[in-house]
Peer 1: 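Here you go, one structure.
All values below were derived from every heavy atom in this structure, side-chain atoms included, with hydrogens, water molecules and symmetry-related copies excluded.
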Amino acid sequence: MARFTLPRDLYHGKGSLAELKNLKGKKAIVVVGGGSMKRFGFLDRAVGYLKEAGMEVKLFENVEPDPSVETVMRGAKAMAEFGPDWIVAMGGGSPIDAAKAMWAFYEYPDVTFESLCIPFNFPTLRTKAKFCAIPSTSGTATEVTAFSVITDYQKGVKYPLADFNITPDVAIVDPDLAETMPPKLTAHTGMDAMTHAIEAYVSTANCDYTDGLALHAIKMISRDLVASYNGDMDARDRMHNAQCLAGMAFSNALLGIVHSMAHKTGAAFSGGHIVHGCANAMYLPKVIKYNSKDATAKARYAQIARELHLAGDSDEALVDALIAHIKGMNAKLNIPTCIKEYEGGIIDEAEFLSKLSAVATLAIGDACTGSNPRQPSQEEMEKLLLACYYDREIDF
Ligand code: FE
């Protein structure tokens, strides 16, 4: 038995933000990030539509990138005081992810963060509020997924929360919002979406319902991401749909160790965060090579290469062609080949090596590892991370 869950309603296309005026409720809290939605006028428009719907509206602003447990608690408190029956989260992945966790603490003030970290262990939500998500970036697809990533800064660890209870009720995928993304954000979020689709397709939890979504997303992202990065707004609009399709796939097929490694390296080093999508983009070629030692995964990667019309007269050759294709996209998107090159070398080599063993252990324990086609040993995970630091070839 398997489950396939998506939002009840998904509005897409230019201008679909206006669907907010058709929500039925009394009070809406709007959760947003640091200001781009306000600056570009989308926040005012959203508030206006909610008021047209007859709702009292409160804002919870300034959710930081990689939202913290503390921000989640502050948001939950604001919700408890206001008593919304709609939570409307708008912006990049961070405000929407934060709002999902706030939602759980709003409905269950006594629940612990530790218990929410256990996969598929959430209490039943929607006793107080429903949830509408409006993405402004084209990558995380959190508007359709059962996931949220919250960072514990004291421990320097990102926790992926997973439960179908936090799959939003309504998603509004309006490409007008994504047109505001700067190029670097477009590149990073786009490769995050590519990683979602590829990891979902080779996941041990893949199924007929997720395969079609994943493959179509991979084809769209291959065609449109570089053009979107270079300012083609029609390609940008299509990327907004492509990332959402990838999200529908991975929310139900789960992910793999590219994400495990990105989660556990993301906030681990004092030089700075390794941005999620950029980490995925760097690690993906290494993990494809590692996973392709598994026969089923190899056949699936080869199928992706065939769908992309890449050349190769054997499955091995097709897997290598797919790896070259990903590396080629990364190069065109100005994404570095390895952690050592990231942002001019801000991740210190000595610190990386000193934390390698602990980060590898955490990555193996990440919620995304279970559905990866190969289960890495401690030694293998350390070698994978080293390969991602130095851009080494994978031969194990
Ligand atoms: Fe991701």
Side-chain angles (χ1 to χ4, degrees), residues 65-66 139 149 151 153 155-158 182-195 198-199 225-226 229 255-293 319-320 322-366 368-369 372 374 376-396:
D66 299 321
V149 181
T151 302
Y153 284 86
K155 295 188 182 137
V157 176
K158 290 187 171 192
K184 198 169 182 176
L185 185 62
T186 304
H188 291 167
T189 52
M191 286 309 291
D192 184 27
M194 181 62 119
T195 308
I198 293 179
E199 292 213 284
L225 177 55
V226 173
Y229 173 70
L255 291 166
I257 60 171
V258 180
H259 270 78
S260 305
M261 292 158 66
H263 290 147
K264 277 15 186 199
T265 53
F269 307 108
S270 55
H273 280 199
I274 307 176
V275 172
H276 176 70
C278 188
N280 284 332
M282 295 190 290
Y283 310 164
L284 180 60
K286 309 297 177 197
V287 170
I288 292 176
K289 190 73 183 176
Y290 170 78
N291 281 346
S292 69
K293 286 270 165 64
V319 172
D320 286 340
L322 177 62
I323 291 169
H325 175 71
I326 302 294
K327 287 182 173 177
M329 287 184 74
N330 283 346
K332 287 179 191 150
L333 297 167
N334 291 308
I335 287 172
T337 55
C338 60
I339 301 170
K340 197 167 193 289
E341 305 294 324
Y342 179 71
E343 291 290 333
I346 60 167
I347 308 300
D348 180 68
E349 185 175 4
E351 187 188 9
F352 184 86
L353 294 174
S354 75
K355 291 182 173 168
L356 176 63
S357 165
V359 170
T361 304
L362 287 169
I364 291 170
D366 188 273
C368 294
T369 302
N372 193 68
R374 262 183 98 184
S377 64
Q378 174 75 21
E379 188 194 346
E380 285 173 339
M381 182 53 85
E382 289 183 19
K383 281 163 81 176
L384 272 166
L385 288 164
L386 286 169
C388 292
Y389 190 85
Y390 295 108
D391 191 19
R392 285 181 187 156
E393 292 301 314
I394 301 290
D395 57 0
F396 53 95

Peer 1: Tell me which pairs pass salt bridge (Lys or Arg N to Asp or Glu O under 4.0 Å) where either residue lies in residues 259-280, with sequence neighbours left out.
Peer 2: Lys264-Asp366
Peer 1: Please enumerate all residues that pass ring-ring contact (aromatic ring centres under 6.0 Å, His included) together with Tyr390, with sequence neighbours excluded.
Peer 2: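 Checked Tyr390 against ring-ring contact (aromatic ring centres under 6.0 Å, His included); zero matches.
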Peer 1: Any side-chain heavy atom of Tyr389 within less than 4.5 Å of one from Leu356?
Peer 2: no
Peer 1: Give the minimum heavy-atom separation between Cys388 and Met261, together with the two atoms involved.
Peer 2: SG-CE, 3.6 Å
Peer 1: Any chance you could measure Thr195, atom OG1, to Leu255, atom CG, to the nearest 0.5 Å?
Peer 2: 9.0 Å
Peer 1: Apply the test side-chain contact (heavy atoms from CB on, under 4.5 Å) to residues Met329 and Leu225: give CA-CA distance (whole Å), side-chain angles for both, the deciding distance (0.1 Å), then the verdict.
Peer 2: CA-CA 8 Å; Met329 287 184 74; Leu225 177 55; 4.0 Å; yes
Peer 1: Please lay out, stage by stage, how Ser357 and Gln378 fare under the test side-chain contact (heavy atoms from CB on, under 4.5 Å).
Peer 2: CA-CA 8 Å; Ser357 165; Gln378 174 75 21; 3.7 Å; yes
Peer 1: Search all heavy atoms of Ile326 against all heavy atoms of Pro285 and return the closest pair with its distance.
Peer 2: CG2-CG, 4.0 Å
Peer 1: By the salt bridge (Lys or Arg N to Asp or Glu O under 4.0 Å) test, which pairs, at least two apart or in different chains, include something from residues 324-349?
Peer 2: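 Sorted pair list: Lys184-Glu343.
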Peer 1: State which residues pass side chain to side chain donor-acceptor pair (under 3.5 Å) with Ser354; sequence neighbours excluded, sorted by chain then number.
Peer 2: none
Peer 1: Among all residues two or more places apart in sequence or in another chain, which pass the side chain to side chain donor-acceptor pair (under 3.5 Å) test with Ser260?
Peer 2: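 Listed in chain order: Thr369.
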Peer 1: Going by salt bridge (Lys or Arg N to Asp or Glu O under 4.0 Å), name the pairs with one or both residues in residues 266-275, residues two or more places apart or in two chains.
Peer 2: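 Pairs touching residues 266-275 that pass the test: none.
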Peer 1: Once ring-ring contact (aromatic ring centres under 6.0 Å, His included) is applied, do any residues pair with Phe269, and if so which ones, sequence neighbours excluded?
Peer 2: Phe352
Peer 1: Give every donor-acceptor pair under 3.5 Å between a side-chain atom in residues 273-284 and any protein atom, sequence neighbours left out.
Peer 2:
from	atom 1	to	atom 2	distance (Å)
His273	ND1	Asp66	OD2	2.7
His276	NE2	Asp192	OD1	3.0
His276	NE2	His259	NE2	3.2
His276	NE2	Asn280	ND2	3.1
Asn280	ND2	Asp192	OD1	2.9
Asn280	ND2	His259	NE2	3.3
Tyr283	OH	Thr265	OG1	2.8

Peer 1: Looking only at heavy atoms, what is the nearest atom pair of Ile346 and Gly272, with distance?
Peer 2: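 Closest heavy-atom pair between Ile346 and Gly272: CD1-CA, 4.2 Å.
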Peer 1: With a 3.5 Å distance limit and no angle check, can you tell me whether Lys355 reaches the backbone of Ala268 through a side-chain donor-acceptor pair?
Peer 2: yes
Peer 1: Do Thr337 and Asn330 pass the side-chain contact (heavy atoms from CB on, under 4.5 Å) test, and can you show the C-alpha distance, the side-chain angles, and the key distance before you say yes or no?
Peer 2: CA-CA 8 Å; Thr337 55; Asn330 283 346; over 6 Å; no
Peer 1: Among residues at least two apart in sequence or on other chains, which ones pass side chain to side chain donor-acceptor pair (under 3.5 Å) with Tyr342?
Peer 2: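 Not a single residue meets the side chain to side chain donor-acceptor pair (under 3.5 Å) criterion with Tyr342.
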Peer 1: About how many Å separate CG of Leu322 and NZ of Lys289, when rounded to the nearest 0.5 Å?
Peer 2: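 With rounding to 0.5 Å, NZ (Lys289) is 11.0 Å from CG (Leu322).
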Peer 1: What is the minimum heavy-atom distance between Pro376 and Ile364, and which atoms define it?
Peer 2: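 Here Pro376 and Ile364 meet closest at O-CD1, 3.9 Å.
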Peer 1: Check whether any side-chain heavy atom of Ile323 sits under 4.5 Å from a side-chain heavy atom of Asp320, and report yes or no.
Peer 2: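 With C-beta onward as the side chain, the pair touches.
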Peer 1: Do any pairs count as a salt bridge (Lys or Arg N to Asp or Glu O under 4.0 Å) and have a residue in residues 379-396, sequence neighbours left out, and if so which ones?
Peer 2: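 Output for this query lists Lys286-Asp391, Arg374-Glu380.
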Peer 1: Partners of Tyr229 by ring-ring contact (aromatic ring centres under 6.0 Å, His included), sequence neighbours excluded?
Peer 2: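 Per chain and number, Tyr229 pairs via ring-ring contact (aromatic ring centres under 6.0 Å, His included) with no residue.
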Peer 1: If every non-hydrogen atom of Ile335 is compared with every non-hydrogen atom of Ala187, which pair is closest and at what distance?
Peer 2: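 Of all heavy-atom pairs spanning Ile335 and Ala187, the closest is CD1-O, 4.2 Å.
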